[in-house]
Amino acid sequence: MAATAPPAPGDDRGFTLLELILVLVLIGISTSLVLPRVGEFLFTDPLKAAARGLTGLIGRASQLAQQRQAPYLLKYIERDRRFVVEPEIPADAERTERSGPERAGELRLQGQVGVRDIWSWDSGGRSVGDLSIRFTAAGYVEPTVIHLREGGDRDLSLVLSPFLGTIQIFDRYVSPDDPTLFQ
C-alpha cells in the first residue's frame, strides 16, 4: 500500500477570515436593500391587510360567543365600509336608544377595498346593503364566503367553515358552488 505524501506548504485551500468577512458584508448589504421592499409589500397591501384584520375579527366574534354563551353578529355596514362585532339582540328584547348594542370589535376597510358580496348557506349571495354573519352561542357559523375586492380588478375570498377550525383565504374570487370548498 502506498503512503500518501503530506500536502506541500501553501497547498491547503480554505477560506481566509478576510474572505468570510467580505461575504458576510455583501450578504448584509443585499439584505438591507431587499427587506424594506418585502416589508412594504407585505404590510401595505390594503386587500391583504383587510383580510388579516377580518380574520382577527371573525376569531373575536367566535370567541365572544363561546365565552358569553350568546349569539354574536359580524355586521358589515356598507355606507361606512366597516365591520363590527356585537351581540345579537332578540327582537323581543327591550333596547334603549341610548345604550344600543355593545361593540366588541371593529374593522374599517382602507383605500379602495370593499365587500363584493357575502355568500352564506342559508341566505345565498348578498351584495347590497348592510350584511350580517351570525355566530351561535357555541361560536359556530354557517358555511360562509366573504368576497373582498380592491378597486375593480383584485379579488380575495375568505371561506369560513361551519366550525371555524380554519379560515381559508384565496387570492381570487371563489365560487361557493365548489363542492370541495367546505370539506
Side-chain angles (χ1 to χ4, degrees), residues 6-64 66 72 74-86 103-120 125 127 130-131 133 135 139 141 143-178 180-183:
D11 201 22
D12 54 342
R13 294 295 301 163
F15 294 107
T16 65
L17 183 58
L18 182 61
E19 290 171 325
L20 291 174
I21 290 174
L22 183 62
V23 168
L24 289 175
V25 167
L26 290 174
I27 290 173
I29 291 171
S30 299
T31 303
S32 68
L33 295 174
V34 170
L35 277 181
R37 293 182 187 207
V38 170
E40 182 181 313
F41 173 75
L42 290 176
F43 299 114
T44 60
D45 181 2
L47 194 57
K48 290 184 180 179
R52 283 191 302 273
L54 191 52
T55 300
L57 210 54
I58 289 166
R60 176 91 173 122
S62 176
Q63 181 183 40
L64 283 170
Q66 290 173 2
Y72 268 73
L74 174 64
K75 291 184 175 180
Y76 176 66
I77 302 168
E78 186 177 36
R79 73 178 178 281
D80 298 335
R81 291 184 22 222
R82 67 185 169 113
F83 285 91
V84 294
V85 173
E86 58 188 42
R103 293 260 159 82
E106 181 174 314
L107 171 70
R108 193 171 298 275
L109 298 177
Q110 301 297 319
Q112 294 182 344
V113 176
V115 172
R116 179 175 175 179
D117 61 42
I118 296 178
W119 178 92
S120 64
S127 61
D130 296 350
L131 309 169
I133 300 170
F135 292 82
V141 66
T144 303
V145 181
I146 302 171
H147 294 110
L148 299 177
R149 171 168 273 182
E150 181 182 22
D153 55 351
R154 284 188 59 214
D155 289 319
L156 193 134
S157 302
L158 284 85
V159 179
L160 286 61
S161 66
F163 303 110
L164 281 184
T166 60
I167 299 173
Q168 298 175 329
I169 300 176
F170 296 93
D171 204 10
R172 59 184 165 78
Y173 186 90
V174 175
S175 172
D177 298 332
D178 183 350
T180 63
L181 202 56
F182 297 105
Q183 293 181 354

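What you see below is based on every heavy atom in this structure, not just the backbone, and it leaves out hydrogens, waters and symmetry mates.
Closest approach of L148 and A51 over heavy atoms only: CD1-N, 4.2 Å. For the pair Q110 and R108, the tightest heavy-atom approach, listed with the atom from each and the gap, is NE2-O, 3.2 Å. The shortest non-hydrogen separation linking P46 to E150 is CG-OE2, 3.2 Å. Scanning both residues, S62 and G139, for their nearest heavy atoms gives OG-O, 3.0 Å. Of all non-hydrogen atoms in V145 and V174, the two that sit nearest each other are CG1-O, 4.2 Å.
Scanning for salt bridge (Lys or Arg N to Asp or Glu O under 4.0 Å) contacts around R81 gives an empty result, with sequence neighbours left out. With sequence neighbours left out, the salt bridge (Lys or Arg N to Asp or Glu O under 4.0 Å) criterion links D80 to R82. Residues forming a side-chain contact (heavy atoms from CB on, under 4.5 Å) with S32 (at least two apart in sequence, or on another chain): none.
In this structure, Y76 and I133 have side chains that are not in contact, with every pair of non-hydrogen atoms separated by 4.5 Å or more. Contact annotation: the side chain of I167 never approaches that of L54 to less than 4.5 Å [non-hydrogen atoms, C-beta and beyond]. D171 is listed as a side-chain neighbour of R154, based on a closest heavy-atom distance under 4.5 Å. Residues L18 and L22 fail the side-chain proximity criterion, which asks for heavy atoms closer than 4.5 Å. Between L156 and V113 there is no side-chain heavy-atom pair separated by less than 4.5 Å.
In this pair, Y173 and H147 present their aromatic rings parallel. The plane angle is below 30°, not in the 30 to 60° band.
The distance from atom CZ of F83 to atom CG of L57, rounded to the nearest 0.5 Å, is 8.0 Å. Distance check: L131 CG to L74 CG gives 10.0 Å after rounding to the nearest 0.5 Å. Summarising the geometry, atom OG belonging to S157 is positioned 10.5 Å from atom CD belonging to Q168; distances are rounded to the nearest 0.5 Å. Note that OH of Y72 and CD of Q66 are 12.0 Å apart. Values are rounded to the nearest 0.5 Å.
Put simply, the residue from V141, I146, T144, L107 that forms a side-chain contact (heavy atoms from CB on, under 4.5 Å) with I58 is I146.
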